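What follows is a set of notes on a single structure, which appears directly below.
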Number of protein chains: 2
Amino acid sequence: MIDEGKFHTQEMTNRLEQDIREKFRRSGYTLTSQRRAVLEALRDTRGHPSAEDIYLLVKKKNPRVALGTVYQALSVLEEIGVIGSKHWAESPTRYDLNTEPHLDIRCRRCGEVAEIPGVELGNLEAQIQENTPYSVSSTTLVVEGLCPTCQKE
Amino acid sequence: MIDEGKFHTQEMTNRLEQDIREKFRRSGYTLTSQRRAVLEALRDTRGHPSAEDIYLLVKKKNPRVALGTVYQALSVLEEIGVIGSKHWAESPTRYDLNTEPHLDIRCRRCGEVAEIPGVELGNLEAQIQENTPYSVSSTTLVVEGLCPTCQKE
DNA sequence: TCTGAATCAGGAACTGTTATTGATTGACGA
DNA sequence: TCGTCAATCAATAACAGTTCCTGATTCAGA
Ligand SMILES: [Mn+2]
Ligand SMILES: [Mn+2]
Ligand SMILES: [Zn+2]
Ligand SMILES: [Zn+2]
């Protein structure tokens, strides 16, 4: 009998698995089955799902989870640096397994998010800091547009 | 007796007044007393108030206005290009009489917004468009930090 | 002055998210 | 292998910001 209750897959037992375990160990949080399931949902979509998207995916395997639990798990996962998140105005926050600094663009029409490689921001942060008495702590580029599919319509 | 019911001030009767009238005329919307009051509140704060801020200011002169009316007015004013708006995650949208493209920074602690002059974005938009199949329609720089006052604490 | 359309105030509804609750779990030591 | 107790859980209420809906009022144009 397969131990489905723990949402364990072979995919999770790779080199990243150790990294994730280590981050949990260091943080003091425990790697629960729900947190694992959220991580897997994120891995399966291979995209930039919202909390709701993830909730629906997790529910397929475990119909008992609550949306609040997903939000809780996401916040822990983000806190310990396993995932990242981005926010576009007037739409829910999107989560991302890619925690490196990078650009994402969101389609105004269908909401799909895609990564934009190869953009050089240069000394933008420094330039901003030079021109304000505030101490700058974050500068985020929020990019929106129309995805190829939506352009055709 | 002063015609306070219409929220008319001398300040409103300047060169910008004609511009605003023209924009209303062209749009087909009417310049109602509430819309005028919202515009004046924005002018008086000289900053980047939220809808709620504006609502409270407008209520001082006309206690009968509803928050919904302020939102309605703001949306019309933005649509016809009289005002602009910016959104920082996890805080209400801020409105601005400055409709020119420019950078604003928001204090993480007290919420104060200030403008950042003199930053050159260069060919950033073009660079982004070159690196994505999406058609880019907007790239907004969301800048956050600590204002001088909050840095001291 | 009349009339239809625009606008209004007030409040309900909505979305995304966080906080609260009391029940359950599961890590760790004996 | 237990027992203990903090951590975590599901469920649901509360929340903030905003939009939508309704019926009443206003107001521009004929
Ligand atoms: Mn990404
Ligand atoms: Mn500004
Ligand atoms: Zn699209
Ligand atoms: Zn501050």
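Please read all numbers here as calculations on a predicted model, not as lab measurements. Note on naming: letters A, B, ... go to the chains in the order of the sequence lines (proteins, then strands), and numbering restarts at 1 for each one.
Taking atom NE2 of B/His87 as the reference point, atom C1' of D/dT18 lies 11 Å away to the nearest angstrom. Rounded to an integer number of Å, the gap from OH of B/Tyr55 to P of D/dT18 is 14 Å. For the pair B/Tyr95 OH and D/dG17 P, the interatomic distance rounds to 12 Å; values are reported in whole Å. Rounded to whole angstrom, the span from the CD1 atom of A/Ile54 across to the P atom of C/dG16 amounts to 14 Å. For the pair B/Glu52 CD and D/dT18 P, the computed distance is 9 Å after rounding to whole Å.
B/Arg106 contributes no side-chain N or O that, together with a main-chain N or O of B/Glu144, makes up a donor-acceptor pair within less than 3.5 Å. One N or O on the side chain of A/Ser27 and one on the backbone of A/Tyr29 form a donor-acceptor pair closer than 3.5 Å.
End-to-end axis angle for the helix from C/dT1-D/dA30 to C/dA30-D/dT1, using five pairs per end and rounding to 10°, comes out at 30°.
Applying the under-4.5 Å side-chain rule to Ile, Leu, Val, Met, Phe, Trp and Tyr, the cluster around B/Leu103 extends to A/Leu103, A/Ile105, A/Ile116, A/Val119, A/Leu121, A/Leu124, A/Ile128, A/Tyr134, A/Val136, A/Leu141, A/Val143, B/Ile105, B/Ile116, B/Val119, B/Leu121, B/Leu124, B/Ile128, B/Tyr134, B/Val136, B/Leu141, B/Val143. Other members of the cluster containing B/Leu57 do not exist, because no ILVMFWY side chain is joined to it at under 4.5 Å.
Of the residues in residues 74-83 of chain A, none lies under 4.0 Å from DNA chain C by heavy-atom distance.
OP1 or OP2 of C/dT17 sits under 4.0 Å from a side-chain N or O of A/Thr93. For A/Tyr71, a side-chain nitrogen or oxygen approaches OP1 or OP2 of C/dT17 to under 4.0 Å.
Among all heavy-atom pairs drawn from A/Val70 and A/Tyr55, the shortest one is CG2-CA, 3.8 Å.
Judged by distance alone, the side chains of B/His102 and B/Asp96 do bring a donor and an acceptor atom under 3.5 Å apart. For the residue pair B/Ser85 / B/Arg94, no side-chain donor-acceptor distance below 3.5 Å is found, with atom types taken as modelled.
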Please table the atom pairs, donor to acceptor, closer than 3.5 Å between any side-chain atom in residues 146-153 of chain B and protein atoms at least two apart or in another chain.
{"unit_1": "B/Gln151", "atom_1": "NE2", "unit_2": "A/Pro133", "atom_2": "O", "d": "3.1"}
{"unit_1": "B/Gln151", "atom_1": "NE2", "unit_2": "B/Leu146", "atom_2": "O", "d": "3.0"}
{"unit_1": "B/Glu153", "atom_1": "OE1", "unit_2": "B/Arg109", "atom_2": "NH1", "d": "3.2"}
{"unit_1": "B/Glu153", "atom_1": "OE1", "unit_2": "B/Arg109", "atom_2": "NH2", "d": "3.1"}

Practice item. Go through B/His48 and B/Glu112 one step at a time and tell me if the side chain to side chain donor-acceptor pair (under 3.5 Å) criterion holds. Key: CA-CA 8 Å; B/His48 299 76; B/Glu112 193 190 71; over 6 Å; no
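With values rounded to the nearest 0.5 angstrom, A/Ile83 atom CD1 is found 6.0 Å from A/Glu78 atom CD.
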Study note, to complete from the structure: Scoring nucleotides 4-16 of chain D by protein non-hydrogen atoms under 4.0 Å (B base, S sugar-phosphate only, - none) yields ----SSBB-----
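A salt bridge between B/Arg43 and B/Glu40 is absent, with no side-chain N of the basic residue lying under 4.0 Å from a carboxylate O of the acidic one.
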